[in-house]
J.: 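Pasting a structure here, questions to come.
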Amino acid sequence: MTRYNFKTVELKWRQRWEEAGAFRTGEDKDRPKYYILEMFPYPSGRIHIGHVRNYAMGDVVARYKRACGFNVLHPMGWDAFGLPAENAAMQTGEHPRKWTYANIEAMREQLKSMGLSIDWSREFATCDPEYYAHQQRLFLDFWKMGLVERRESYVNWDPVDMTVLANEQVIDGKGWRSGAPVERKKLSQWFFKITDKAEDLLAALDDGRLSGWPDNVRLMQRNWIGKSKGARLKFRFAGAAPKRFDGIEIYTTRPDTLFGASFVAVAPDHPLAAHFAKDDPELSVFIHECQQTGTSEEAIEKAEKKGKRLPVEVEHPFAPGKTLPVYVANFILMNYGTGAIFGCPAHDQRDLDFVRKYGLPVIPVVLPPGADPKTFAVEDEAYAGPGTLFNSGFLNGLAVEEAISTAIKRIEDLGLGAGATNWRLRDWGVSRQRFWGCPIPAIHCGKCGVVPVPEKDLPVKLPELDASEFSIPGNPLDRAEGWRDVPCPECGGRARRETDTMDTFVDSSWYFARFAAGRPDKPVEKADADYWLPVDQYIGGIEHAILHLLYARWFTRAMKDTGWLSAEEPFARLFTQGMVTHATYRDKKGAWLSPDEVVSRDGKVVTIAGEPVIVGAIEKMSKSKKNVVSPERIAETYGADAARWFMLSDSPPERDVEWTEDGVAGAWRLVQRIWDVVEPARGALKAHDLSKPPAKGSEADLYLRRATHAAIAGVTDDIEHFRFNKAIARIYEFLNALKKAPPMTKADGTPAMGARAEAFAQAEALSALTRLIAPFIPHLAEECWETLGGEGFVCDAPWPKADPALLVRETVTLGVQVNGKRRAEIEVPAEADAKAVEEAALSDEAVKRHIDGKTIRKVVVVPGRIVNIVAG
RNA sequence: GCGGGUGUGGCGGAACUGGUAGACGCGCGGGUCUCAAAAACCCGUUCCCUCGGGAGUGUCGGUUCGAUUCCGACCACCCGCACCA
């Protein structure tokens with residue numbers, strides 16, 4: 001018996017696959033297609049273990065679908081623009097381009113060493129001019145269609161990265177990448193109008209177009225889009241109106257509670273606040289404070305509602321003569337609704353907190369079911385539930401829902417406003433004041449305004465800059481005169497290029513279409529895109545549940561509008577895999593230790609030198625906690641197959657998996673065990689025609705054949721449902737059955753004397769085993785296939801089919817319960833009728849013991865499942 | 001605060017539509033081999049126990065012949081959103 005040497009074997013098969021072009025995507029469009037895609041990586045320079053898990057999952061699906069006869073597209077590329085390259089340039093003086101492409105080289109090799117069935121001929125990086133040129137073309141098309149807009153707006157400014165951040169990139173008031181507190185700044189920005197598609201982006205979540213998405217992701221998107229229904233309503237000023245203001249327009253979802261209004265409030269950024277702040281230093285200070293705290297220290301600020309009274313009052317729309325005070329309040333957001341509200345403290349907790357502080361009245365107008373209108377009062381808790389209107393003039397007696405529509409109707413009749421829908425979703429600001437991104441193809445001319453770069457002048461390539469430029473803060477493009485200053489394409493006068501580049505989320509919003517249908521002369525070839533899109537299965541991290549996926553969905557719609565695609569949605573099915581975690585270790589001084597620095601001795605974890613180690617929580621692998629393991633070292637020690645196997649074996653794919661050395665060692669043992677079973681059967685596939693099972697066969701043959709076909713059926717079903725951990729458990733089960741199989745018979749029925757190659761049942765089992773493991777551990781599978789004498793590559797071999805006749809059992813083992821407790825097991829023919837089963841159960845010795853002296857009241861027989869005897 | 005999810009051996013986790021709880025792996029215990037150890041292989045492994053049983057899927061209750069599964073209440077943890085009017 002030879003020892004399996006993964007190092008030489010894995011390398012051998014990767015070379016053979018490459019030489020044969022085994023994973024080139026076929027041009028055969030008559031076959032059903034299957035587009036499997038994993039979120040492409042950022043080229044940081046090295047793959048981490050999370051990539052191994054992500055790409056191993058995709059590869060299982062890709063190889064499985066290929067074996068099932070699909071025309072499979074499984075491409076790979078690089079999300080290559082972005083800040084780290086500029087940061088590296090700052091530190092090392094290396095040009096971002098050089099750094100990025102060197103990283104891609106390194107990572108490609110690492111990915112290839114995993115043995116992924118990727119069509120590398122379609123590879124590209126988003127920083128290739130051949131890619132971003134087309135992105136600029138799409139930008140121009142969108143601009144023509146009115147999907148792009150340029151406007152002034154407050155932006156989230158990251159003072160460390162010196163760039164604008166999308167709202168989605170601000171987490172707890174801090175930049176998602178730098179972690180620095182975000183400041184507010186007013187700039188002219190480019191926007192993609194994703195709010196134009198809000199209705200459809202929302203509708204598709206529930207109308208079946210995204211039925212292949214996990215519920216939690218759909219829910220997160222729904223919340224993010226944040227549709228709400230209510231009304232816009234203008235409050236007129238009581239007395240003289242301030243200059244250029246004819247009222248305060250508010251947005252509310254509860255127009256039914258208008259009779260309970262006790263104030264109106266506007267956001268600190270509201271024009272009305274600014275108007276009064278001019279002559280009121282105290283107010284001005286207050287507004288400034290709100291703006292400071294608006295994006296940070298949310299925990300402190302959250303609790304306290306603060307406001308400043310403005311020197312105006314407004315008229316109540318429904319109660320002539322009644323007036324309400326107007327405040328600037330810190331809890332009103334300018335960028336939601338109209339930046340102004342009316343406050344109804346009895347039915348809104350924030351408003352209640354606010355009026356308690358400023359001594360305004362609390363008027364309940366919704367009476368909870370069963371409450372007494374004479375005694376019902378709101379103390380510390382606002383009532384937001386259902387009920388009947390009271391204290392509310394013409395709304396009295398109506399239920400909340402009716403009252404809302406009645407109030408809206410009245411508002412419309414009075415000409416003060418109308419029913420309105422409001423969205424939390426805001427347009428996508430794509431301008432970034434950075435160098436390493438896709439240039440926005442626009443030119444600013446003093447005479448002609450903002451002019452698109454003519455299509456013939458595309459691509460607008462990034463200029464060659466000296467690496468030293470990157471050590472100066474700000475955007476190097478602003479200083480690149482030779483690149484920046486150009487004649488206006490319309491009037492020929494002096495003009496300047498747009499120096500903003502696009503958010504890198506733009507790059508990843510259409511790369512899947514480029515993979516499927518890219519052409520040198522255009523972004524996508526529609527016929528190809530129509531064949532391949534949507535992506536049948538997309539796999540990636542849950543961290544992209546909102547941003548990337550929402551942007552890609554919008555982009556797909558925009559590309560449809562501009563005639564590039566027909567697909568409605570980019571990703572038919574989505575799978576979000578869990579993270580890879582690892583225990584954390586610290587020494588006695590509290591410093592983090594990497595897993596390489598600790599060992600387990602006598603059941604205790606110590607440093608290599610024998611110092612005690614504190615074992616901490618199991619957490620997501622991160623550099624700061626040093627609990628990372630390097631895929632390269634693992635591949636060195638255990639091989640790519642073992643690493644892939646372990647990544648898929650331990651936990652359900654959607655859950656986090658803990659990386660353990662014992663676990664991967666177990667996977668390595670499995671690789672050896674399979675080889676030990678296969679190797680003695682050298683040439684077995686040449687000795688048998690597997691399509692013609694022999695008529696004769698021993699009990700042992702039948703037992704093994706049943707195990708084989710049960711494994712085929714089970715593994716197939718598990719892969720189809722993304723239950724890789726269960727598929728692996730079944731393979732183990734099958735392997736155990738195979739190893740325990742007693743001596744088999746040859747095709748002619750004579751004993752095979754234990755020689756595995758001679759027995760049909762064993763050859764069939766090994767053939768199935770090899771094909772079943774191929775998606776998971778492809779190198780070993782090829783080696784087994786070759787050893788067994790299979791034809792060609794196992795990656796080209798058809799997926800095995802289970803014979804239904806071998807899946808049904810002749811006898812079944814049933815549990816027998818007495819009063820719901822299992823007391824015995826009986827073996828009965830599979831098609832035995834209820835009466836026969838009942839008799840068998842009642843005659844069982846253990847059962848007799850338990851029903852002794854009792855009256856049998858009822859016997860429940862569930863065929864093939866269980867017998868329950870009710871006795872008392 | 002709102003929304004969603006998860007609780008099963010020492011650990012990761014199985015259990016199809018309400019039908020034998022703990023598949024499979026890890027760990028652990030025992031054995032074979034060895035001068036010895038490692039590796040490998042084999043056997044065992046939910047807990048308690050008087051070996052006949054008893055208890056058991058976060059807690060309490062309900063529905064049912066039968067509940068990890070369905071319903072109600074509670075507890076714990078995780079995730080998302082968060083002054084969204």
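Proteins get letters first, then strands, A, B, ... in listed order; numbering begins at 1 in each.
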J.: Nearest whole angstrom, please: distance from the P of A67(B) to the CG of Asn819(A).
T.: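 After rounding, the reported distance stands at 11 Å.
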J.: Can you confirm whether or not the ring centre of Trp659(A) sits under 6.0 Å from the ring centre of Phe646(A)?
T.: yes
J.: Indicate yes or no: does Arg222(A) engage Asp206(A) in a salt bridge with an N to O separation below 4.0 Å.
T.: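 Yes, charged N to carboxylate O under 4.0 Å.
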J.: Categorize Arg222(A) for me: base, sugar-phosphate, or nothing, with a 4.0 angstrom heavy-atom threshold over every strand shown.
T.: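 Arg222(A): no heavy atom of the nucleic acid under 4.0 Å.
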J.: So which of Arg350(A), Gln349(A), Lys357(A) actually passes side chain to side chain donor-acceptor pair (under 3.5 Å) with Asp353(A)?
T.: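 Among the candidates, only Gln349(A) passes.
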J.: RNA chain B: Val867(A) or Tyr251(A), which has the more 5' nearest nucleotide?
T.: Val867(A)
J.: If the C1' atom of U64(B) is compared with that of G25(B), how far apart are they to the nearest Å?
T.: 36 Å
J.: Phe724(A) CZ to G25(B) P: how many Å, rounded?
T.: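 Result: 20 Å.
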J.: Expressed as a whole number of angstroms, how long is the span from Arg254(A):CZ to A85(B):C1'?
T.: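 Taking atom C1' of A85(B) as the reference, CZ of Arg254(A) is at 11 Å.
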J.: Looking only at the side chain of Ile546(A) (C-beta and beyond, no hydrogens), which of the listed nucleotides C83(B), G25(B), C81(B) gets closest?
T.: C81(B)
J.: Is a donor-acceptor contact shorter than 3.5 angstrom present between the side chain of Asp662(A) and the base of C26(B)?
T.: no
J.: By nearest nucleotide on RNA chain B, pick out whichever of Asp650(A) and Arg822(A) is the more 5' one.
T.: Asp650(A)
J.: Can you tell me, in whole Å, how much space there is between the P of U63(B) and that of G54(B)?
T.: 24 Å
J.: Does G54(B) have OP1 or OP2 sitting under 4.0 Å from an N or O in the side chain of Arg823(A)?
T.: yes
J.: Check the distance between G80(B)'s P and Trp224(A)'s CH2 and give it to me in whole angstrom.
T.: 12 Å
J.: Can you tell me which nucleotide in G80(B), C83(B), A14(B) comes closest to the side chain of Asn725(A)?
T.: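 When the side chain of Asn725(A) is considered, A14(B) is the closest of G80(B), C83(B), A14(B).
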J.: Does Glu839(A) come within less than 4.0 Å of Lys835(A), counting only side-chain N to carboxylate O?
T.: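 So Glu839(A) pairs with Lys835(A) through a salt bridge.
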J.: Would you say Arg849(A) reaches G53(B)'s phosphate, i.e. side-chain N/O to OP1/OP2 under 4.0 Å?
T.: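 Yes, such a contact exists.
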J.: In whole Å, I'd like the distance from the CD1 atom of Ile731(A) to the P atom of A14(B).
T.: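 Atom-to-atom, Ile731(A) to A14(B), this comes out as 16 Å.
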J.: Taking the chi torsion of G54(B), is it syn (within 90° of 0) or anti (everything else)?
T.: anti
J.: Which part of the nucleic acid does Ser651(A) contact within heavy-atom distance under 4.0 Å: base, sugar-phosphate only, or nothing?
T.: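 Since only primed, P, OP1 and OP2 atoms lie under 4.0 Å of Ser651(A), the category is sugar-phosphate.
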J.: Could you work out which one of C24(B), C65(B), A85(B) sits closest to the side chain of Leu333(A)?
T.: A85(B)
J.: The side chain of Gln817(A) is closest to which nucleotide in this list: C84(B), A21(B), G25(B)?
T.: A21(B)
J.: Just how far, in rounded Å, is P of C83(B) from CE of Met334(A)?
T.: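 Rounded to whole Å, this separation is 16 Å.
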J.: Does Asn736(A) make a side-chain N or O approach to OP1 or OP2 of G25(B) shorter than 4.0 Å?
T.: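 Asn736(A) to G25(B) OP1/OP2: side-chain N or O found under 4.0 Å.
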J.: Any idea which of G25(B), C83(B), A82(B) is nearest the Asn330(A) side chain?
T.: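 Of G25(B), C83(B), A82(B), C83(B) is nearest to the side chain of Asn330(A).
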J.: Which nucleotide, C65(B), U20(B), C42(B), lies nearest any side-chain atom of Val860(A)?
T.: C65(B)
J.: Please classify the nucleic acid contact of Ile542(A) as base, sugar-phosphate, or nothing, using heavy-atom distances under 4.0 Å.
T.: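 Counting heavy atoms under 4.0 Å across all strands, no contact is made by Ile542(A).
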J.: Mind checking Asn422(A) for me? I need base, sugar-phosphate or nothing, with any heavy atom below 4.0 Å counting as a touch.
T.: nothing
J.: Between Lys821(A) and C65(B), is there a side-chain N or O to OP1/OP2 distance below 4.0 Å?
T.: no
J.: May I ask you to decide whether Arg723(A) forms a salt bridge with Glu720(A), counting only side-chain N to carboxylate O separations under 4.0 Å?
T.: no
J.: What nucleotide among C43(B), C24(B), C84(B) has an atom nearest to a side-chain atom of Arg424(A)?
T.: C84(B)
J.: Distance check: side-chain N/O of Arg865(A) vs OP1/OP2 of G66(B), anything under 4.0 Å?
T.: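 The answer is no; no side-chain N or O of Arg865(A) sits under 4.0 Å from OP1 or OP2.
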J.: Distance check, C1' atoms only: C49(B) and G53(B), in whole angstrom units.
T.: 8 Å
J.: Counting the atoms with a prime plus P, OP1 and OP2 as sugar-phosphate, which does Arg655(A) contact under 4.0 Å by heavy atoms, base, sugar-phosphate, or nothing?
T.: sugar-phosphate
J.: Indicate, with yes or no, if the rings of Phe724(A) and Phe722(A) have centres closer together than 6.0 Å.
T.: yes
J.: In whole angstrom, give me the gap between the P atoms of G9(B) and G56(B).
T.: 14 Å
J.: Is any side-chain N or O of Lys305(A) under 3.5 Å from a base N or O of C83(B), one able to act as donor and the other as acceptor?
T.: yes
J.: Take atom C1' in C60(B) and the same atom in A76(B), then report the distance between them in whole Å.
T.: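 Those two atoms are separated by 15 Å.
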J.: Could you check, using the six-membered ring where one of them is a Trp, whether Phe342(A) and Phe263(A) have ring centers closer than 6.0 angstrom?
T.: no
J.: Let me know the distance between CE of Met579(A) and P of C78(B), rounded to the nearest Å.
T.: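 Between P of C78(B) and CE of Met579(A): 12 Å.
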J.: On a whole-Å scale, what distance lies between the P atoms belonging to A82(B) and C77(B)?
T.: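 These two P atoms come out 23 Å apart once rounded.
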J.: Work out how far the P atom of G66(B) is from that of A21(B), and round it to whole angstrom.
T.: 14 Å
J.: Quick one: does Arg669(A) reach the base of C41(B) with a side-chain donor-acceptor pair under 3.5 Å?
T.: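 Answer is no: no donor-acceptor pair is held.
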J.: In whole angstrom, what separates Leu202(A)'s CG from C84(B)'s P?
T.: 19 Å
J.: Taking the C1' atom of each, how far is G12(B) from G27(B), in whole Å?
T.: 11 Å
J.: Hey, does Leu219(A) reach any base, or is it just sugar-phosphate, or nothing, if we go heavy atoms under 4.0 Å?
T.: sugar-phosphate
J.: Whether the side chain of Arg644(A) engages the backbone of Arg53(A) through a donor-acceptor N/O pair (distance < 3.5 Å, no angle test) should be reported.
T.: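 Answer holds: no.
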J.: Which nucleotide wins on minimum distance to the side chain of His850(A), given the candidates C41(B), G53(B), U20(B)?
T.: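 In terms of side-chain proximity for His850(A), the closest of C41(B), G53(B), U20(B) is G53(B).
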